[in-house]
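Just below is one structure, and these are the notes that go with it.
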Amino acid sequence: MHRMTDEEFETAIAEALDAMPDQFIAALENVAIVWEDEPSAYHLGYDEWDDDTEAFDGELPSDLLGLFDGLSLVERAAGGYDDDIPDVVTIFKGPHERCFSSRAEIVDEIGKTVIHELGHYFGLDEDRLTAMGYE
């Protein structure tokens, strides 16, 4: 397992965004791209202060690389979008380090994860992203 410093991880995310075509970056509206060490129950839709968390058994996936939390452009167009709170793409550092054995692999997969999660923002579902090579 290769470990990256926080600065290296942030730089890899920034490089992935810099590599995206300008028209895609320009189309991003009210989207925050952040990173966390590990996914939490919150990322999976469970509020740790809510009494209704019986479905959550405390086991978090150790291989969740990223998550899009928000409404896709398709859903926004359907109405009901309140742009006060940004949509969020979260990239998870720990799973990247555990799942890939070298710095080069981690950087490559960060790029794929960023594209995958932003694909959800643009309205692509898991099947389409997988068909495009971004599983």
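Only a predicted model underlies this, so the values are computations on that prediction, with no experimental measurement involved.
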Check: [Y] and [X] side chains under 4.5 Å, non-hydrogen atoms:
X	Y	result
V34	V89	no
L67	F92	yes
T90	D69	no
E10	I13	no
D125	L129	no

For this session: Please name the residue in the list D127, L124, I115 that meets the side chain to side chain contact (heavy atoms under 4.5 Å, CB included) test with M132.
Result: L124

Just checking [X]: does its [atom1] atom have more than 12 heavy atoms from other residues, nucleotides or ligands closer to it than 6.0 angstrom?
X	atom1	value
F24	CZ	no
D6	CG	yes
E29	CD	no

[X] to [Y] - nearest heavy-atom pair and separation:
X	Y	result
L64	P39	CD2-CB, 3.8 Å
H2	S101	CB-O, 3.6 Å
V74	G123	CG2-CA, 4.1 Å
L17	I25	O-CD1, 3.7 Å
K93	F9	CA-CZ, 3.3 Å
C99	D63	SG-CB, 3.8 Å

For this session: Measure the spacing between CD1 of I110 and CZ of F100 and express it to the nearest 0.5 Å.
Result: 9.5 Å

For this session: Determine whether the side chains of E105 and H96 contain a donor N or O and an acceptor N or O closer than 3.5 Å.
Result: no

Exercise. Any link between L28 and L71 through a network of hydrophobic side chains (Ile, Leu, Val, Met, Phe, Trp, Tyr) touching at under 4.5 Å?
Worked result: no

Exercise. Are V88 and I91 connected, step by step, through hydrophobic side chains (Ile, Leu, Val, Met, Phe, Trp, Tyr) whose heavy atoms are closer than 4.5 Å?
Worked result: no

For this session: Could you walk me through whether R76 and L73 pass side-chain contact (heavy atoms from CB on, under 4.5 Å), step by step?
Result: CA-CA 5 Å; R76 288 179 183 197; L73 289 179; 4.0 Å; yes

For this session: Tell me, please, which residues at least two apart from Y121 pass ring-ring contact (aromatic ring centres under 6.0 Å, His included).
Result: none

For this session: Using the salt bridge (charged side-chain N to carboxylate O under 4.0 Å, His left out) rule, collect all pairs that involve residues 109-118, keeping only residues at least two apart or in two chains.
Result: D108-K112, E109-K112

Exercise. Ion pair present between E97 and R103, side-chain N to carboxylate O less than 4.0 angstrom?
Worked result: no

